[in-house]
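The structure under discussion appears below in the form of structure tokens.
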Number of protein chains: 2
Amino acid sequence: MRDDPHEALPAVSDDRSPDLRVGAFQGVRAARRNELAEDYVELIAELIHMQGEARPVDIAASLGVKVPTVSKTLDRLSREGLITRAKYRSVFLTEEGRALAKECRRRHEIVLRFLISLGLDPETAERDAEGIEHHVSERTLALFSAFANRS
Amino acid sequence: MRDDPHEALPAVSDDRSPDLRVGAFQGVRAARRNELAEDYVELIAELIHMQGEARPVDIAASLGVKVPTVSKTLDRLSREGLITRAKYRSVFLTEEGRALAKECRRRHEIVLRFLISLGLDPETAERDAEGIEHHVSERTLALFSAFANRS
DNA sequence: GCGGATTTATAGCCTTGTCTAACATTTCGC
DNA sequence: GCGAAATGTTAGACAAGGCTATAAATCCGC
Ligand SMILES: [Mn+2]
Ligand SMILES: [Mn+2]
Ligand SMILES: [Mn+2]
Ligand SMILES: [Mn+2]
């Protein structure tokens with residue numbers, strides 16, 4: 001078979017049990033459903049910290065999407081109890097939103113510091129951290145933390 | 001301010017430039033659009049390798065989703081030139097699909113081996129790797145590889 | 001405090017990804 | 001090789017996340 005993806009690689013994962021993998025995929029799908037909300041609340045917290053308020057126009061500029069996209073997503077976050085908003089006003093985090101933001105910022109920081117301590121340049125580290133942060137378990141975070149502190 | 005997410009944390013990322021962050025978010029959104037296709041082709045390659053063929057029912061069981069979900073996604077992958085399929089028959093990878101599968105398997109292996117070499121248990125490593133693999137740059141992979149080999 | 005610039009909201013379109021229900025085809029045991 | 005079981009397809013619902021176009025509200029400079 002030409003170009004078999006399974007040619008001569010040390011097969012760490014070839015013998016993983018099927019149902020274990022199902023769980024992994026289900027976990028990843030669950031994580032994916034929260035990614036955007038996590039990025040939003042983390043960003044909103046940062047904007048409030050930095051600028052005093054979080055306006056849709058600034059959220060949109062930071063994320064690189066259009067304002068109506070932000071508006072629609074904010075509606076969902078509001079429905080889900082993570083933010084409060086009044087028409088034509090800037091956005092606030094609920095208690096729950098602040099808690100999530102804090103957790104996200106912590107994860108983001110740990111992943112970022114870890115990648116940098118591994119030797120990665122800060123720009124790439126930031127890009128990778130922005131994606132990885134949503135997929136690291138608490139155990140992995142502990143190991144990342146330990147490594148970064150120890151090096 | 002009660003429970004400010006920005007309380008007293010070593011602020012590695014507080015001074016990151018705004019436009020740098022926009023790029024990070026854009027990159028992550030791009031990566032997110034490919035995640036599912038990557039998981040599918042990697043899995044299809046593995047099923048073909050292990051079972052001789054990749055049937056929708058097995059893909060569905062492995063991913064933990066329903067068969068019609070798989071069917072619809074396979075239509076997209078076919079449209080995108082990653083697989084070929086005939087009605088009521090199992091699925092094949094195109095050249096392009098095989099190339100992507102190989103790349104994904106490589107990333108998956110590297111991330112998994114790295115996490116395990118860091119000290120993570122295999123189950124958690126598998127779960128985290130399944131999500132992280134889609135968000136690691138080539139640079140990060142190189143560092144992961146080096147670390148795993150060195151330890 | 002008016003009027004133009006900026007910001008926000010709404011409506012509507014498109015794609016993706018999930019599901020269930022119903023139907024079609026293939027496979028398998030006998 | 002028949003009929004039931006298994007598998008695959010299709011249709012249609014729904015939510016999310018992106019967009020553009022348009023309308024409404026707010027803000028700001030004068
Ligand atoms: Mn992120
Ligand atoms: Mn983040
Ligand atoms: Mn994956
Ligand atoms: Mn994978």
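So that the names make sense, note that chain A is the first sequence line, chain B the second, and so on, each numbered from 1.
At least one side-chain heavy atom of B/Leu63 sits under 4.5 Å from a side-chain heavy atom of B/Tyr40.
Side-chain nitrogen and oxygen atoms of B/Arg76 include at least one within less than 4.0 Å of the OP1 or OP2 phosphate oxygen of C/dG17.
The nearest whole Å value for the distance from the CD atom in A/Glu35 to the P atom in D/dG18 is 11 Å. Put simply, CZ on B/Arg33 is 10 Å from P on D/dC19, counting in whole angstrom units. If you measure from atom OH of B/Tyr40 to atom P of C/dT18, you get 6 Å, rounded to the nearest angstrom. At whole-Å resolution of the value, CD in A/Gln26 and C1' in C/dT18 are 13 Å apart. Atoms CZ (A/Arg29) and C1' (C/dT16) sit 14 Å apart, rounded to a whole Å. In this structure, A/Leu47 places its CG atom 15 Å from C1' of C/dT7, rounding to the nearest Å. The CG-P distance, from B/Asn34 to C/dT16, rounds to 12 Å in whole Å.
A donor atom on one side chain and an acceptor atom on the other are found under 3.5 Å apart for B/His135 and B/Glu35.
For the contact set between residues 52-62 of chain A and DNA chain C, defined by any heavy atom under 4.0 Å, the members are A/Arg55, A/Pro56, A/Val57. Annotation: proximity of residues 67-75 of chain A to DNA chain C (heavy atom, distance under 4.0 Å) is found for A/Pro68, A/Ser71, A/Lys72, numbered in ascending order. Applying a 4.0 Å cut-off to non-hydrogen atoms, the residues of residues 78-91 of chain B that approach DNA chain C are B/Arg79, B/Tyr88, B/Arg89, listed by residue number.
With respect to A/Leu82, the side-chain contact (heavy atoms from CB on, under 4.5 Å) criterion is satisfied by exactly one of A/Leu77, A/Val91, A/Ile44: A/Leu77. Partner of B/Pro56 under the side-chain contact (heavy atoms from CB on, under 4.5 Å) criterion, out of B/Thr69, B/Leu74, B/Thr73: B/Leu74 alone.
A pairwise comparison of heavy atoms in B/Leu115 and B/Ala129 identifies CD1-N, 3.9 Å as the closest pair. Nearest heavy atoms, A/Gly131 versus B/Val28: N-CG2, 3.6 Å. The heavy-atom pair separating B/Glu46 from A/His6 by the smallest distance is CA-NE2, 3.3 Å.
Look at A/Glu95 and A/Arg98 and you find a salt bridge, because one of the NZ, NE, NH1 or NH2 atoms lies within 4.0 Å of a carboxylate O, short of that distance. A salt bridge does not link B/Arg127 to B/Glu123: none of the charged side-chain nitrogens sits closer than 4.0 Å to a carboxylate oxygen.
Taking the six-membered ring for Trp and thresholds of 30 and 60 degrees, B/Phe114 and A/Phe144 have ring planes inclined between 30 and 60 degrees apart.
Residue A/Arg139 qualifies as open at atom CZ: its count of foreign heavy atoms under 6.0 Å is 12 or below.
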